[in-house]
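Numbers here are sequence positions counted from 1.
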Amino acid sequence: MTEPSDVPSSAPDQGGDDSGYVLERKDVSAILYAVDIEDRAQLTSLMEPLHAADIADLLEQINAFDRSRLIRLYDREFDGDILSELDESIREEVIGVLKPGVLAEAVRDLDSDDVVDLIEDLDDAQQEQILDALEDSDRAMVEQALNFPEYSAGRLMQREVVMAPEHWTVGEAIDRMRAADEVELPNQFYHIVLVDPRLHPVGNVTLGKLMRSRRDVPLVDLVEETFRIIPATQDESDVAYAFNQYHLISAPVVDDEGRLIGAITIDDAMAVLDEEHEEDILRLAGVGEESALSDTVRATTGRRLPWLAVNLVTSILASLVIAQFEMAIAQIVALAVLMPIVASMGGNAGTQSLTVAVRALATKDLTGANVWRVIRREVLVGLINGLVFAVVMGIVGVIWFGSPALGYVIAAAMIVNMIVAGFAGTVIPVVLDRVGIDPALASGAFVTTVTDVVGFFAFLGLAALVLL
């Protein structure tokens, strides 16, 4: 049984302001204690102040046994928004624990885009379980969305959209929305989309402009200057880029014939950006884009092992270079002491350039128009840094080993490798991107190999020429 050090008798203390509430360790302990003693009233009281995202974080932090017990005890208080906030790695597990009635009630309150996001990665049986819980009209919308390609705007959009004929006035639009049934309007929307008789979007009107205008003002007089239409088949990463680039709040989605079929809102677009940034970080580290704290040992090992194997191969390649200078190293032991410094400095410099390049490619800031300027900048930065550290290591070589010649050798090797690092760290991700390989996934191994091989070869090669 989990014994909390400080079990509160009421809901977690929020300092009188729940707007900045953060789930703390003592709150987790209190919640788990309520689960241990099977006190549903206390559990509900502790969970009530929490946002759906905080509850999702809680479920991700605790182990599978406690997670299952908490869900069963929380029962009908379980909200559909919690499912939307859950990491995909445990979402399937949570759905399997929920009672059919609780699951049905939870998903009915979600917008169509949230339902699509919820079920698209589930197995067929669980997909059918959720679809059966929906009303016929909602089920049809979700199934139509699932027919669009994965990672497309059609999957990302919500089918609920507020539209009006382009000849309507402000008063007509307000009256129509007030008369609409609750289910006809999305939970959140920011624009009214104006359409022509063929349902082609022609403009957006913000709710702010609508509410501060007179009833007799035509809606066409209030349309936004920035208006972009998203094809349903457009890649979601391009959609997120458009939202970020053009400061969009929402945008209509159209089918192949240009007819309005849905809308994408800023929260969904920013979620895509967040996911892509997270994937890039995980890929750069070679741990797999789907890695999560809740993963099992087996899953985590399976994702990391292949990239460790790639690093092993590249390390062997660098070792083969060292083997070519075995005699030089045997005669001058100082070479074995100093050569890791050259390779390490080059590797770090290459990683810096690589990170900048991958980020710029992801945001479409690095293009064919400026790529050579960026490459020149990184090479010059490598040269300047190389000169600075060449002086430092030259002095170290003289003081440490009493050999000016050794100082000159490591200084020259440092300059060469830092220049190559700046060049490789920029060029390799650009080339991989051009040939259709994710630069965040594969660049690290290539850049490390280049800096190791060049660093060892430059240092040991110069040493063999100058010192022997």
S353 and E378: side chain donor to acceptor below 3.5 Å: yes
Worked check of side-chain contact (heavy atoms from CB on, under 4.5 Å) between V272 and V239: CA-CA 9 Å; V272 172; V239 174; over 6 Å; no
Any side-chain heavy-atom pair of T451 and M345 under 4.5 Å: no
R67 side chain vs L59 backbone, donor-acceptor pair below 3.5 Å: yes
Qualifying residue for side chain to side chain contact (heavy atoms under 4.5 Å, CB included) with F457, from V321, V416, I322: V321
L260 vs H200, side-chain contact (heavy atoms from CB on, under 4.5 Å): CA-CA, chis, key distance, verdict: CA-CA 6 Å; L260 179 66; H200 293 168; over 6 Å; no
Atom CZ of F446 with >12 non-hydrogen neighbours under 6.0 angstrom: no
Cationic N near anionic O, under 4.0 Å, E236 to R155: no
Expected output: side-chain D196 to main-chain L199 donor-acceptor under 3.5 Å: yes
Check: S152 side chain, F148 main-chain N or O, donor-acceptor pair, under 3.5 Å: no
Qualifying residue for side chain to side chain contact (heavy atoms under 4.5 Å, CB included) with D452, from T448, V450, V454: T448
Nearest non-hydrogen partners of L366 and V371, listed with the distance: CD1-CA, 3.9 Å
Non-hydrogen side-chain atoms of F456 and V342 separated by less than 4.5 Å: no
Under-4.0 Å salt bridge between K209 and D221: no
Heavy atoms from other residues, nucleotides or ligands near OH of Y190 exceed 12 (cutoff 6.0 Å): yes
Closest non-hydrogen atom pair between V253 and P231, with its separation: CG1-C, 4.3 Å
M177 vs F189 side-chain heavy atoms within contact, under 4.5 Å: yes
Side-chain heavy atoms of F401 within contact of L338, under 4.5 Å: yes
Atom pair CD1/CD1 of I71 and I55 - distance to nearest 0.5 Å: 11.0 Å
Euclidean distance, I266 CD1 relative to H247 NE2, rounded to 0.5 Å: 10.0 Å
Polar side chain donor-acceptor pair, S250 to H191, under 3.5 angstrom: yes
Exam field: side chain Q126 to backbone E92, donor-acceptor pair closer than 3.5 Å: yes
Euclidean distance, R228 CZ relative to T226 OG1, rounded to 0.5 Å: 9.0 Å
Contact summary for S443 and L432, nearest pair of heavy atoms: OG-CD1, 3.4 Å
Within 6.0 angstrom of N63 CG, more than 12 heavy atoms from elsewhere: yes
Heavy-atom side-chain proximity of L380 to R377 below 4.5 angstrom: no
CA sep, side-chain torsions, deciding dist, call: L354, R359, side-chain contact (heavy atoms from CB on, under 4.5 Å): CA-CA 9 Å; L354 164 66; R359 181 72 186 94; over 6 Å; no
Steps toward side-chain contact (heavy atoms from CB on, under 4.5 Å) verdict (D27, L58): CA-CA 10 Å; D27 303 323; L58 169 67; over 6 Å; no
Closest non-hydrogen atom pair, V195 against V202: N-CG2, 4.1 Å
Beyond-backbone contact of L222 with S213, side-chain heavy atoms, under 4.5 angstrom: yes
Non-hydrogen atoms of R434 and T367 that approach each other most closely: NH2-C, 4.4 Å
Short N-O contact, E60 and R91, less than 4.0 angstrom: no
Side-chain touch V254/I261, heavy atoms, less than 4.5 angstrom: no
Distance (rounded to the nearest 0.5 Å) between I332 CD1 and F325 CZ: 12.5 Å
Minimum heavy-atom distance between L219 and A173, given as atom pair plus value: CD1-CB, 4.0 Å
